[in-house]
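Following: one structure in structure tokens, then a few remarks.
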Amino acid sequence: MTSVPNVELLGAPPQEESALLTPAAVQFVSELVTTFESRVDQIFLDRKLRKAKLDQSGGLPDFSSETKHIRDDGDWQVSPVPCRLANRHVDLGDVSPANTQHFVAALNSSAQGIQVDLDDGHCPSWPNQLKGLHNVYKAIHGTLEGVPPIASAPVIMFRPRAWNMIEQNMLVNGRQIPGPLFDFGLFMFHNAKILLEQESGPFFYLPKLEGYKEARLWNQIFDWAEEKLGLPLGSVRAVVLIENILASFEMHEILYELRQHSAGLNCGVWDYSASFIINFGHRTDFILPDRSKYVNMERHFLKSYMDLTIKTCHSRGCHATGGMSAILLPTVDSTQRNAIVEKTCRSKKTEIEAGVDGFLVYDIGLIEPMHKLWQKHAPSDNQYSVKRSEVSVTAKDLLLVPSGGVTLEGLKHNIAVGILFIEAWLRGKGHFPFKGAVEDSATAEISRSQVWQWIRHGAKLEDNGNTVTCTMVKELVKEFQKQHSSNLTSDEERRRLEKASQIFEIVVITREFPAFITTYLSSESAFLDSVKHLT
């Protein structure tokens, strides 16, 4: 309970972290929710209506004639970013602040920025939310042991949860509240003034927007928070993650809505690719091939998306950043380590040559090689001068499904990633290492989406021509369980793997495709039961 009228807190915070949930902070979040909750509800209604319209008509998205005047007007620009955002060559990605050791290491790194993540790389249990937000609070207030002053640390780019996530432990007027409003509200209330004084924020990554109206809502939230906290207009800056195919048709419009608050746009690969299945997965002409073999940033639909992002951002005077390298460097074999660094550098060099202004890596060991790469090929703060005037991207380019088939190895890999992600969530972890890379909700989304789609359409395996069926997937799930169980040491671990496998089987055969695996899991009884015991 709480002393704030019309607010209920269902989970008692630990003593130390109770400093986050002061009456004044809770009141701020409550007013934020009361002001914007109906507009958040409208977002979900608009998404449903848009999806229903596309499904019913069989149509495809395109650049809207209603907003053509915004795209055609070459005069407007995004407001220049503060000096600490001028150079963002290398950000660290998927840094969950609930992982104190990783968060401290990130703050001591030479990255320009840190994607402080309550979304893809984070599991939003109540203990994790409070611990993560409290670690951020302590870092900014100078009380987190072993980290430099916030003005000299890599800049914090705070990523709240996406709109699909709910905070189940806080009710306002009898309703559970939108997760991102909880995250944003507490972050702003406790930290915004200090960050502004230190010329270090408040800065954000905004995940999973589907169009400019959602950017407009965030802009209204920024305006409201700035006024409420007495901050100058435009103090908040945000990078929008273009993680949905629908948003790629509205990038100019997204920047326009946020033009006083924008820090540019970011390209990813797996959430964006999964959005093809989320939006069009029931259509036989949108079957995405094996992602491990046939889906990468060199394929036409993804290359077009990145080229358009770069051209759009640079025409408006803001950053276009590339996705995250999920590579994990080996710690023992130096020869293998050097080979992986060289391969990663070759991949990222392609993005630099395309004109990006920065990108993300997960492994702290990749920061220095990436700095050297930038120094060699594009040493200036940004590449705004790379206008990409030769780029002309059409709707057909963005919607061109890559050629290729389905492999047994790719099917097994998707099953493994999907199960292990669910198992990680049941442990309260938002990402995990697997086969030399970090896996998070983005890779889990594309993995489970592909398995669902291949079953749905009876895809044929390249290897032997066999049809992907529910029975085949169940057999492969059992095979993976047996193999992975041999590495486990306790009955509790084996039970958790069994439960994760059962949940995975449900989400890949369900008739109504869940738009987000994280939404599904956050209301799953197994997850809710497991996180009660997390500390």
Are the aromatic rings of [X] and [Y] close, with centres under 6.0 Å apart?
X: Tyr212; Y: Trp218; answer: no
X: Phe184; Y: Phe204; answer: yes
X: Tyr362; Y: His102; answer: yes

Applying side chain to side chain donor-acceptor pair (under 3.5 Å) to Ser64 and Arg71, what does each step give before you reach the verdict? CA-CA 10 Å; Ser64 173; Arg71 298 192 300 275; 5.4 Å; no
Which atom of [X] lies closest to which atom of [Y], heavy atoms considered:
X: Leu229; Y: Ala192; value: CD1-CB, 4.3 Å
X: Cys123; Y: Asn128; value: O-ND2, 2.8 Å
X: Gly430; Y: Phe421; value: O-CE1, 3.6 Å

I'd like to check the salt bridge (charged side-chain N to carboxylate O under 4.0 Å, His left out) partners of Glu145; sequence neighbours left out, ordered by chain and number. none
Sole candidate of Glu257, Glu253, Glu250 that passes salt bridge (Lys or Arg N to Asp or Glu O under 4.0 Å) when paired with Arg216: Glu257
Side chains of [X] and [Y]: does their closest heavy-atom pair fall under 4.5 Å?
X: Ser109; Y: Ile367; value: yes
X: Leu308; Y: Leu398; value: yes
X: Phe513; Y: Arg448; value: yes
X: Val356; Y: Met306; value: yes
X: His122; Y: Gln129; value: yes
X: Leu133; Y: Leu118; value: yes
X: Phe280; Y: Ile245; value: yes
X: Trp374; Y: Val90; value: yes

Test log, rule ring pair (Phe, Tyr, Trp, His ring centres under 6.0 Å), inputs Phe158 and Tyr205: CA-CA 6 Å; Phe158 185 73; Tyr205 274 103; over 10 Å; no
[Y] backbone acceptor or donor facing [X] side chain under 3.5 Å:
X: Ser262; Y: Leu255; value: no
X: Trp126; Y: Gly11; value: yes
X: Thr35; Y: Glu31; value: yes
X: Ser449; Y: Glu445; value: yes
X: Asn87; Y: His89; value: yes
X: Asn414; Y: Val451; value: no
X: Gln115; Y: Asp117; value: no
X: Asn169; Y: Leu10; value: no
X: Thr510; Y: Ile506; value: no
X: Gln450; Y: Leu288; value: yes

For [X], does the [atom1] atom sit with more than 12 other heavy atoms under 6.0 Å from it, leaving out its own atoms?
X: Phe189; atom1: CZ; result: yes
X: Lys429; atom1: NZ; result: no
X: Gln77; atom1: CD; result: yes
X: Lys193; atom1: NZ; result: no

Are [X] and [Y] close enough for a salt bridge, meaning some N to O gap below 4.0 Å?
X: Arg427; Y: Glu492; value: no
X: Arg88; Y: Asp381; value: no
X: Arg161; Y: Asp120; value: no
X: Arg496; Y: Glu423; value: yes
X: Asp46; Y: Arg50; value: no

Can a side-chain donor-acceptor contact be found between [Y] and [X] if the only test is distance below 3.5 angstrom?
X: Ser235; Y: Glu226; result: no
X: Gln220; Y: Arg39; result: yes
X: His319; Y: Tyr384; result: yes
X: His431; Y: Asp94; result: no
X: Ser110; Y: Glu368; result: yes
X: Thr519; Y: Asn164; result: yes

Please round to the nearest 0.5 Å and tell me the distance separating atom [atom1] of [X] and atom [atom2] of [Y].
X: Leu92; Y: Phe103; atom1: CG; atom2: CZ; answer: 11.5 Å
X: Tyr305; Y: Ile242; atom1: OH; atom2: CD1; answer: 6.5 Å
X: Leu195; Y: Phe187; atom1: CG; atom2: CZ; answer: 5.0 Å
X: Leu241; Y: Asn266; atom1: CG; atom2: CG; answer: 5.0 Å
X: Arg47; Y: Asn279; atom1: CZ; atom2: CG; answer: 10.0 Å
X: Asp91; Y: Met157; atom1: CG; atom2: CE; answer: 6.0 Å

Derivation of the salt bridge (Lys or Arg N to Asp or Glu O under 4.0 Å) call for Lys208 and Asp119: CA-CA 10 Å; Lys208 298 176 180 59; Asp119 191 51; 2.7 Å; yes
Do the numbers put Arg291 on top of the ring of Trp270, so that NZ or CZ is under 6.0 Å from the six-membered ring centre and no more than 45° off the axis? yes
Would you call the rings of His134 and Tyr137 parallel, tilted or perpendicular, where under 30° means parallel and over 60° means perpendicular? parallel
For Thr321 and Asp357, what are the C-alpha separation, side-chain angles and deciding distance, and is it a side chain to side chain donor-acceptor pair (under 3.5 Å)? CA-CA 5 Å; Thr321 51; Asp357 304 292; over 6 Å; no
Output, in order, the C-alpha distance, side-chain angles, deciding distance and verdict of ring pair (Phe, Tyr, Trp, His ring centres under 6.0 Å) for Phe28 and Trp224. CA-CA 11 Å; Phe28 181 82; Trp224 181 90; 5.3 Å; yes
Please evaluate residues Lys138 and Glu16 with respect to the criterion salt bridge (Lys or Arg N to Asp or Glu O under 4.0 Å), reporting the C-alpha separation (whole Å), side-chain torsions for both, the decisive distance (0.1 Å), and the verdict. CA-CA 11 Å; Lys138 290 192 293 183; Glu16 184 184 17; 3.4 Å; yes
Does the pair Phe301 and Phe276 meet the rule for a ring pair (Phe, Tyr, Trp, His ring centres under 6.0 Å), with working shown? CA-CA 11 Å; Phe301 82 116; Phe276 272 66; 5.1 Å; yes
